Amino acid sequence: MFQFLCKTLLHSRNGSTVAPHNPSMVVSFSLRYLSSDSDNPQSFTLSYLTKTCGLSPKSAVSASKSVRFESSEQPDSVISSFQKFGFSKIEISEIIRKFPKMLCCHPEKTISPKLEFFRSRGASTPDLVTILSTYPWIFKISLENMLVGNFNFFVDLLQSEYKAIELIKRNARVLNTSLEVALIPNINTLRENGVPASSILLLIQADWVSIGTNPVKFGKILEEVKEMGFNPLKSQFVFAIIALTGLSKSKRDEKVAIYKRWGWSDEDIITAFKRLPSILSISEDKLMTMIDFYVNKLGLHYSVILSCPALLKYSLNKRLIPRGAVIEFLLSKGLVKLNSSITSLFTCSERRFLEKYVKCHEEAPCLIKLYNHKLKLSDT
């Protein structure tokens, strides 16, 4: 059959011989043709992944590199086990797309026991969907040797099964972590430095990456935060740890350089960081754009931003430009002054902004039109 196909491909319709530029192309084409046979396992797998599992052709090809089956018996049993727990076809499809090897798992040994465990500890079907659609690799973790112990640890720590489930929904990787390697040593370090339990829980719930950092690195960051003057008893202490943990030294230096470019001193940067630690988490491009907007567009002195670093966190298109247009109009009419109190125009809620700075003026119809126009532009 193979030789016949090759000979056929080497002849034109009028019977003349055609010499291929690349003989391997003929072999490749023939093999692809043969692989489309309905009895071929790969062909069956691709068909099953697209028609039964709902994967796109591209996702199915990618998944087929991890799984292959000759009949639907095994994958059908896996899908059926999820359906029994209330998962929809779309939800199952998303889990399969991320972790196709799940279709090769033994439902009664690997899947159902774990779903039943979470259900017994208070997890609803929507909870399970959230957890498994973001981290389906839970099915690779031993229930007895890892999952149960880690889950119970967080229940004891948070004093609530509900809070433990909420934590897992935000970061299911906590279930696949060796607690003794980083988590427990870092918690002990925080306690030794006077950080209250409420702040430790806040750190665990807000940013798992920080609390799971290598203990040596974590200890150095904690000492640096203390040297900056942060009070271990305050929640800002752990937010500073989060900000510094997520930054390499080179990235931190780049952001510090941007602030200095706009006239900030080292002391200014530390002052702003103590007020809002997340200012070091803002991307370099956004920093440049935001400071340029305040300083060059609105004419604010950098000290105004220093007094309210939260100004750097807002959306340029959805908040700053629409409100900035209104502020420029009010400034031109002498209805507002360019001083530190102008920050309230950006920090207040939209309802408060419209009531206090737009609707109260005679020019309200014009201001509302201007404001809505800028908002509409931000959507496009």
Side-chain angles (χ1 to χ4, degrees), residues 135 167 170-171 173-174 176-196 199-296 302-316:
Y135 196 73
L167 171 64
R170 287 193 293 273
N171 194 336
R173 287 179 176 83
V174 299
N176 194 24
T177 300
S178 180
L179 304 178
E180 293 79 9
V181 172
L183 181 68
I184 293 176
N186 290 341
I187 289 177
N188 290 336
T189 298
L190 290 169
R191 288 171 174 165
E192 291 165 3
N193 283 272
V195 179
S199 292
I200 294 175
L201 295 180
L202 178 62
L203 177 58
I204 292 172
Q205 293 170 325
D207 189 76
W208 172 254
V209 175
S210 296
I211 194 67
T213 299
N214 176 280
V216 175
K217 178 182 177 181
F218 185 84
K220 290 180 179 179
I221 291 174
L222 186 144
E223 288 302 319
E224 185 177 0
V225 169
K226 288 172 62 178
E227 290 173 3
M228 289 182 184
F230 283 88
N231 185 347
L233 297 176
K234 303 293 184 181
S235 61
Q236 287 293 78
F237 189 88
V238 296
F239 285 124
I241 290 176
I242 291 173
L244 295 183
T245 302
L247 279 178
S248 64
K249 186 180 184 304
S250 60
K251 276 292 181 183
R252 192 194 310 186
D253 290 342
E254 288 175 12
K255 295 181 182 183
V256 167
I258 291 175
Y259 287 115
K260 287 186 174 181
R261 196 180 309 169
W262 289 96
W264 293 35
S265 65
D266 288 331
E267 185 178 349
D268 290 333
I269 296 171
I270 292 177
T271 298
F273 180 69
K274 291 175 71 173
R275 288 173 177 161
L276 187 70
S278 59
I279 64 166
L280 287 182
S281 301
I282 304 171
S283 70
E284 291 87 340
D285 289 341
K286 183 174 182 178
L287 273 180
M288 289 295 296
T289 302
M290 300 293 276
I291 299 177
D292 178 73
F293 174 82
Y294 288 121
V295 175
N296 293 331
Y302 81 86
S303 61
V304 176
I305 305 172
L306 178 61
S307 67
C308 184
L311 291 171
L312 298 172
K313 297 286 287 184
Y314 297 123
S315 167
L316 181 68

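Because the structure is predicted, anything quoted here is derived from the model rather than measured.
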A.B. asks: With rounding to the nearest 0.5 Å, note down the distance linking OG1 in T213 to CD1 in I241.
C.D. replies: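 The distance works out to 9.5 Å.
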A.B. asks: Under the side chain to side chain donor-acceptor pair (under 3.5 Å) rule, what pairs show up with a residue in residues 176-187, not counting sequence neighbours?
C.D. replies: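 Matches after skipping sequence neighbours: Y135-N176.
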A.B. asks: Between L247 and L280, what is the shortest heavy-atom contact and its length?
C.D. replies: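 Looking at all heavy atoms of both residues, the closest pair is CD1-O, 3.3 Å.
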A.B. asks: Compare all side-chain heavy atoms of L311 with those of Y294 and state whether any distance is below 4.5 angstrom.
C.D. replies: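 Yes, at least one pair of side-chain atoms sits under 4.5 Å.
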A.B. asks: The criterion is side chain to side chain donor-acceptor pair (under 3.5 Å); which residues satisfy it with E224, sequence neighbours excluded?
C.D. replies: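 Counting only residues at least two positions away or on another chain, E224 forms a side chain to side chain donor-acceptor pair (under 3.5 Å) with R252.
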A.B. asks: For residues P309 and A272, report the shortest heavy-atom separation together with the two atoms involved.
C.D. replies: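 Heavy atoms of P309 and A272 come nearest at CG-O, 3.9 Å.
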A.B. asks: Write down the atom of I204, the atom of I187, and the distance for their closest heavy-atom approach.
C.D. replies: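 Smallest heavy-atom distance, with atoms named: CD1-CD1, 4.1 Å.
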A.B. asks: Once salt bridge (Lys or Arg N to Asp or Glu O under 4.0 Å) is applied, do any residues pair with K226, and if so which ones, sequence neighbours excluded?
C.D. replies: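 K226 satisfies salt bridge (Lys or Arg N to Asp or Glu O under 4.0 Å) with E223 once adjacent residues are dropped.
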A.B. asks: Sequence neighbours left out, what pairs pass ring pair (Phe, Tyr, Trp, His ring centres under 6.0 Å) with at least one residue falling in residues 240-261?
C.D. replies: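 Matches after skipping sequence neighbours: Y259-W264.
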A.B. asks: Taking all heavy atoms of L183 and all of I211, pick out the closest pair and write down the distance.
C.D. replies: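 Heavy atoms only, the tightest pair is CD1-CG1, 3.4 Å.
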A.B. asks: Going by side chain to side chain donor-acceptor pair (under 3.5 Å), name the residues that satisfy it together with D207, two or more places apart in sequence or in a different chain.
C.D. replies: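 Side chain to side chain donor-acceptor pair (under 3.5 Å) check on D207 returns S210.
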A.B. asks: Within a 6.0 Å radius of atom CZ on R173, are there more than 12 heavy atoms belonging to other residues, nucleotides or ligands?
C.D. replies: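 At most 12 heavy atoms, drawn from other residues, nucleotides or ligands, come within 6.0 Å of this atom.
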A.B. asks: Can you confirm whether more than 12 heavy atoms, excluding those of K234, are under 6.0 Å from its NZ atom?
C.D. replies: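 Result for NZ/K234: open.
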A.B. asks: Under the side-chain contact (heavy atoms from CB on, under 4.5 Å) test, which residues partner D266, sequence neighbours left out?
C.D. replies: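 D266 satisfies side-chain contact (heavy atoms from CB on, under 4.5 Å) with K260 once adjacent residues are dropped.
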A.B. asks: What heavy-atom pair brings L316 and M290 nearest, and what distance separates the two atoms?
C.D. replies: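 Between these two residues, the closest heavy atoms are CB-SD, 4.1 Å.
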A.B. asks: Does some side-chain heavy atom of L276 sit less than 4.5 Å from a side-chain heavy atom of K313?
C.D. replies: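 They are in side-chain contact.
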A.B. asks: Given side-chain contact (heavy atoms from CB on, under 4.5 Å), test I282 with K255 step by step and report yes or no.
C.D. replies: CA-CA 8 Å; I282 304 171; K255 295 181 182 183; 5.6 Å; no
A.B. asks: Could you note down all residue pairs passing salt bridge (charged side-chain N to carboxylate O under 4.0 Å, His left out) where residues 235-250 supplies at least one of them, sequence neighbours left out?
C.D. replies: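 Listed by first then second residue: K249-D253.
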A.B. asks: Would you confirm whether R275, through its side chain, and L306, through its main-chain N or O, come within 3.5 Å as a donor-acceptor pair?
C.D. replies: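 Here the side-chain-to-backbone pair exists.
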A.B. asks: Using side-chain heavy atoms (C-beta onward) and a distance below 4.5 Å, is L244 in contact with M228?
C.D. replies: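 Heavy-atom side-chain distance check passes, below 4.5 Å.
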A.B. asks: Not counting sequence neighbours, which residues clear side chain to side chain donor-acceptor pair (under 3.5 Å) with D285? List them please.
C.D. replies: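 Not a single residue meets the side chain to side chain donor-acceptor pair (under 3.5 Å) criterion with D285.
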A.B. asks: From the options I291, I305, D268, L287, select the one residue that forms a side-chain contact (heavy atoms from CB on, under 4.5 Å) with W262.
C.D. replies: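 Running side-chain contact (heavy atoms from CB on, under 4.5 Å) over I291, I305, D268, L287 with W262 returns exactly one hit, I291.
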A.B. asks: Just by distance, do the side chain of N193 and the backbone of V195 share a donor-acceptor pair under 3.5 Å?
C.D. replies: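 Flag not set: sc N193 to bb V195 has no pair under 3.5 Å.
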A.B. asks: Could you pull out all residues at least two apart from K251 that satisfy salt bridge (Lys or Arg N to Asp or Glu O under 4.0 Å)?
C.D. replies: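 Testing K251 for salt bridge (Lys or Arg N to Asp or Glu O under 4.0 Å), a comparison that skips the adjacent residues, returns E254, E284.
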A.B. asks: Taking ring pair (Phe, Tyr, Trp, His ring centres under 6.0 Å) as the cut-off, I'd like each qualifying pair that reaches into residues 218-244, sequence neighbours left out, listed once.
C.D. replies: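 Of all non-adjacent pairs touching residues 218-244, those that pass ring pair (Phe, Tyr, Trp, His ring centres under 6.0 Å) are F230-F273.
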A.B. asks: Short question: side chain of Q236, backbone of P277 - any donor-acceptor pair under 3.5 Å?
C.D. replies: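 Side chain of Q236 to backbone of P277, a donor-acceptor pair under 3.5 Å: no, none is there.
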A.B. asks: Enter the distance from L312:CG to S278:OG here, rounded to the nearest 0.5 Å.
C.D. replies: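 Atom-to-atom, L312:CG and S278:OG are 9.5 Å apart.
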A.B. asks: Taking the side chain as C-beta and beyond, is there a heavy-atom pair between M288 and I258 under 4.5 Å?
C.D. replies: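 Yes, side chains in contact.
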A.B. asks: Please list, chain by chain and in numerical order, all residues satisfying side-chain contact (heavy atoms from CB on, under 4.5 Å) with E267, sequence neighbours excluded.
C.D. replies: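 E267: side-chain contact (heavy atoms from CB on, under 4.5 Å) contacts with S265, T271.
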A.B. asks: Show the nearest heavy-atom pair for residues P196 and P232, with the distance to one decimal.
C.D. replies: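 Heavy-atom minimum between the residues: CD-O, 3.3 Å.
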A.B. asks: Taking side chain to side chain donor-acceptor pair (under 3.5 Å) as the definition, give me every residue that meets it alongside N188, ordered by chain and number, with sequence neighbours left out.
C.D. replies: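 Residues passing side chain to side chain donor-acceptor pair (under 3.5 Å) with N188: none at all.
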